[in-house]
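This chain uses plain numbering: 1 for the first residue, then up along the sequence.
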Amino acid sequence: MAKDTNIEAAGRGHALAAIRNIGIVAHIDAGKTTTTERMLFYTGKVHKMGEVYEGTAVMDWMAQEQERGITITSAATTCFWKDRQINIIDTPGHVDFTAEVERSLRVLDGAVGVFCAVGGVQPQSETVWRQANKYKVPRMAFINKMDRTGAQFMRVVREMREKLHAPAVPVQLPWGSEEHFKGVVDLVRMKGLTFDEGTLGSKVTVQEIPPELAAEAQAAREALLEAVAETDEALLNAYLDEGDLGEAELMGGIRRATVTNRMVPVLCGTSLRNKGIQQLLDAVAEYLPSPLEVPPVTGRHPKTDEELVRETSDAEPLCALAFKVATDPFVGRLIFMRVYSGELKKGANVWNPRTQKRERVMRLIRLHANQREEVDTLYAGEIGAIAGIKGVVTGDTLCAEQKPIALERIVFPEPVVSMAIEPKTQADKEKMNAALADLAEEDPTFRTAKDPETGQTIIQGMGELHLDILRDRMLREFKVKANAGRPMVAYRETIREAARADFTFDRELGGKRHFAMVGIALEKNERGNGNSVDFQISSDLIPHDFRSVVEEGIHDGLSTGVLGNFPLVDVRVSVVNGQWHPVDSSEIAFRSAASMSLREAARSARPVLLEPIMALEIVTPEEHLGDVLGDLNMRRGQVKDVAQRDGTRVIEASVPLAELFGYATTLRSLTRGRAGYTMEPTRFDVVPDTLGQELMNR
């Protein structure tokens with residue numbers, strides 16, 4: 001069993017080719033955290049396996065995670081396996097915490113997708129797969145829970161191909177299934193592997209493939225050989241000449257195909273029963289890329305906008321991305337960093353292109369869940385954290401001041417649920433505001449705002465569970481006592497047609513005249529494309545000195561809309577007219593004129609409310625199908641598909657979020673507790689006119 005000192009003894013503990021930066025991603029309850037716990041045990045990082053169901057999992061270190069048995073925040077750790085340094089990020093599977101997956105995949109070189117052998121490809125599996133596609137992250141798949149009743153390995157492989165369009169190719173087959181699952185068949189070495197339960201799976205017995213699996217294994221190996229040969233001309237020629245490939249040739253072919261996203265190797269096992277994890281570690285080491293094998297990172301010069309490339313090398317200028325902010329009770333503010341090039345050194349000065357400020361790195365930390373190990377240097381390709389640095393937020397680049405570069409920022413989804421919150425006492429008010437600021441800094445999908453009519457503080461997030469967890473953290477971590485209202489839908493506004501308006505601001509304020517005129521043209525943007533602002537006038541009409549405040553005024557108007565103080569989205573804003581006075585024009589005049597001009601144009605553009613629509617997957621026994629479908633119909637649901645799966649029915653539907661509060665209780669009642677569901681936000685759709693009028697009249 002490898003120890004943490006393997007690479008340390010070889011030198012300074014840093015060899016780029018030996019590093020694997022990987023994420024464990026999946027749908028909720030597929031077994032990500034249990035799989036990670038086993039990986040830590042077999043690599044010698046921990047000496048006792050933690051269990052999610054007991055609340056003892058190392059990677060689920062938050063009190064809320066241990067109580068609920070789910071992963072809420074991405075936990076990072078470093079372990080060593082066969083002379084490979086494996087930096088692992090265990091990500092959440094619940095849809096409310098999808099931003100944690102997004103920012104983790106942004107900085108990872110490879111990922112292991114964990115799938116339940118019974119549930120197969122579930123909605124959140126599709127979401128994380130799409131996120132990995134966006135960042136072109138090479139992946140492998142681990143089909144977990146092969147010992148569960150209803151486990152079907154090949155059905156999950158087929159679903160990966162059909163639902164995810166993934167080039168999934170088994171490199172293992174299960175030896176038995178359900179209660180008869182005993183091991184795996186290795187299609188590369190063509191051997192059977194079983195795991196000794198007395199040593200918690202540490203002792204692996206290699207033996208010949210049993211006769212009853214010989215034909216299936218041979219057919220699966222032929223399929224593997226063909227899949228690999230199709231991606232490599234040299235291997236194709238060798239395969240055609242010899243009819244087979246050697247073990248080293250085959251592994252090299254699998255690796256190249258995986259690194260280039262032309263293949264997803266599929267393995268199997270059962271994490272809870274300690275079977276198949278050491279082979280998964282072998283596959284991570286052999287098939288997933290090192291930082292040297294992924295394309296060099298690209299960014300832009302913060303002043304000239306010139307595209308820049310940074311190779312993964314210690315000799316290159318420093319380039320690192322802050323992908324997460326966390327508050328640690330012992331070391332304070334932690335900034336999680338991925339170093340793409342150069343060396344991040346303790347005591348060194350780094351440059352932040354966003355703030356145009358120099359920052360000093362006081363403490364560097366290598367992470368293991370909530371434990372911290374201080375180091376002097378983080379090298380190219382490594383993941384770690386800076387403690388105590390103030391002016392850095394999620395998405396910031398830290399670089400060499402003389403060789404500046406700004407990497408593309410991480411884009412996060414918009415919140416869909418809101419809730420009013422107020423402190424119980426006046427003493428809690430300041431503590432609550434400070435806690436909300438800290439939580440919003442940590443979580444880019446958490447927003448706070450003031451209701452202009454009531455003065456209440458409104459918090460916004462990705463779902464009921466998300467807000468519930470944040471409220472719980474306020475009480476436990478920040479000792480803030482607060483009352484919260486019921487969750488509400490975070491609506492949006494948009495326009496149905498083009499319009500334009502001019503607004504002149506001409507007032508006397510504080511004994512001085514303030515004058516400005518701004519003309520705005522509004523057009524529809526494609527749904528989901530967000531807002532854009534551009535100036536189509538010369539500096540004679542609005543001088544360059546005032547353009548930034550005009551833009552601020554436009555964003556003021558966009559943030560509150562015109563129907564119900566909801567943000568205005570998916571519009572193109574063009575500044576098409578303007579007027580100024582060399583003495584009387586001021587920033588306040590231009591900001592006000594821009595905001596009012598935008599609002600007048602929006603009122604003329606047939607504004608409409610948008611509501612978040614959720615993709616719902618319900619698994620229910622056949623006898624309750626009619627009741628569930630009838631209830632969905634009453635909730636304005638659109639049923640897309642009703643499929644059969646192992647004696648149950650799987651319903652896929654789109655339902656407005658407004659109709660789904662308390663749905664878990666209703667579904668339990670309709671099916672006597674026998675049905676389950678998962679949901680995720682997919683898009684915003686126009687609210688029906690009658691319902692829109694009701695909302696406006698509330």
Side-chain angles (χ1 to χ4, degrees), residues 414 447 449-455 458 460 490-610 684 686-687 689 692-693 695-696:
E414 290 291 314
R447 312 272 174 83
K450 284 279 185 189
D451 187 311
E453 293 178 8
T454 65
I458 305 296
Q460 297 179 319
Y491 292 97
R492 299 283 183 270
E493 299 177 19
T494 193
I495 58 173
R496 285 184 273 204
E497 57 187 42
R500 66 154 294 168
D502 294 344
F503 187 88
T504 301
F505 185 93
D506 190 356
R507 294 184 193 172
E508 190 171 301
L509 299 170
K512 183 182 184 305
R513 184 190 179 209
H514 293 264
F515 171 82
M517 190 274 278
V518 176
I520 296 285
L522 283 186
E523 293 178 278
K524 291 190 296 181
N525 237 346
E526 286 293 318
R527 187 68 49 79
N529 279 7
N531 299 327
S532 61
V533 179
D534 66 88
F535 288 79
Q536 297 183 2
I537 55 172
S538 70
S539 57
D540 294 339
L541 298 178
I542 298 180
H544 286 290
D545 290 349
F546 289 118
R547 293 200 174 189
S548 62
V549 290
V550 169
E551 200 162 334
E552 287 171 12
I554 289 168
H555 286 296
D556 290 344
L558 291 171
S559 66
T560 54
V562 292
L563 292 176
N565 289 318
F566 303 117
L568 190 62
V569 298
D570 299 335
V571 295
R572 283 200 298 273
V573 185
S574 300
V575 180
V576 294
N577 198 7
Q579 196 176 334
W580 72 293
H581 188 278
V583 176
D584 296 333
S585 285
S586 64
E587 291 189 354
I588 192 171
F590 268 110
R591 184 165 184 160
S592 301
S595 178
M596 296 307 297
S597 177
L598 177 99
R599 293 175 69 81
E600 287 193 8
R603 286 193 189 98
S604 306
R606 293 181 63 215
V608 64
L609 276 186
L610 299 173
F684 279 84
V686 174
V687 175
D689 288 340
Q693 285 301 321
L695 290 168
M696 292 299 96

Q | Point-to-point distance, once rounded to the nearest 0.5 Å, from CZ of Arg603 to CG of Leu598 | A | 10.0 Å
Q) Does a side-chain heavy-atom distance below 4.5 Å link Val562 with Leu568? A) no
Q: Indicate the atoms forming the closest heavy-atom contact of Ala516 with Ala593, along with that distance.
A: O-CB, 3.9 Å
Q. Any side-chain heavy atom of Asp534 within less than 4.5 Å of one from Val575?
A. no
(Q) When you compare the side chain of Gln579 with that of Asp502, does any pair of heavy atoms fall below 4.5 Å? (A) no
Q.
I need the minimum non-hydrogen distance between Ser595 and Gly557, along with the two atoms involved.
A. OG-N, 3.8 Å
Q) In Å and rounded to the nearest 0.5 Å, what is the CZ to CD distance from Arg591 to Glu552? A) 4.5 Å
Q.
Working to the nearest 0.5 angstrom, can you tell me the gap between Ser597 OG and Asn577 CG?
A. 9.0 Å
Q) Do any pairs count as a salt bridge (charged side-chain N to carboxylate O under 4.0 Å, His left out) and have a residue in residues 503-519, sequence neighbours left out, and if so which ones? A) Asp506-Arg513, Arg513-Asp584
**Q.** Interatomic distance, His514 atom NE2 to Ser585 atom OG [nearest 0.5 angstrom]
**A.** 10.5 Å
Q.
Donor-acceptor check, side chain of Asn531 to backbone of Asp570, threshold 3.5 angstrom: yes or no?
A. yes
Q. In this structure, which one of Trp580, Phe505, Phe546 forms a ring pair (Phe, Tyr, Trp, His ring centres under 6.0 Å) with Phe590?
A. Phe546
Q) Can any side-chain N or O of Glu493 pair as donor or acceptor with the backbone N or O of Pro607 at less than 3.5 Å? A) no
Q.
Working to the nearest 0.5 angstrom, can you tell me the gap between Thr560 OG1 and Leu563 CG?
A. 11.0 Å
Q) Taking Thr494 for the side chain and Val569 for the main chain, is one N or O donor matched with an acceptor at less than 3.5 Å? A) yes
Q: Assess whether atom CD of Glu587 is packed by more than 12 heavy atoms of other residues, nucleotides or ligands within 6.0 Å.
A: no
Q.
Keeping Ser559 on the side-chain end and Asp556 on the backbone end, is there a donor-acceptor pair under 3.5 Å?
A. yes
Q. In Å, rounded to the nearest 0.5 Å, how long is the span from CZ of Phe535 to CG of Leu541?
A. 12.0 Å
**Q.** Audit row: Val686, Leu610, side chain to side chain contact (heavy atoms under 4.5 Å, CB included) steps and yes/no
**A.** CA-CA 4 Å; Val686 174; Leu610 299 173; 3.8 Å; yes
Q: Could you pull out the closest heavy-atom pair between Gln536 and Ser574, with the gap in Å?
A: NE2-OG, 3.3 Å
Q | Within residues 517-529 or reaching into it, pairs that qualify as side-chain hydrogen bond (donor to acceptor under 3.5 Å, both in side chains) - sequence neighbours excluded | A | Asn525-Arg572
(Q) Applying side chain to side chain contact (heavy atoms under 4.5 Å, CB included) to Leu522 and Val573, what does each step give before you reach the verdict? (A) CA-CA 5 Å; Leu522 283 186; Val573 185; 3.7 Å; yes
Q) Looking at residues at least two apart in the chain, or sitting in another chain, which of them share a ring pair (Phe, Tyr, Trp, His ring centres under 6.0 Å) with Phe566? A) Tyr491
Q | Non-hydrogen side-chain atoms of Val533 and Arg547 separated by less than 4.5 Å | A | no
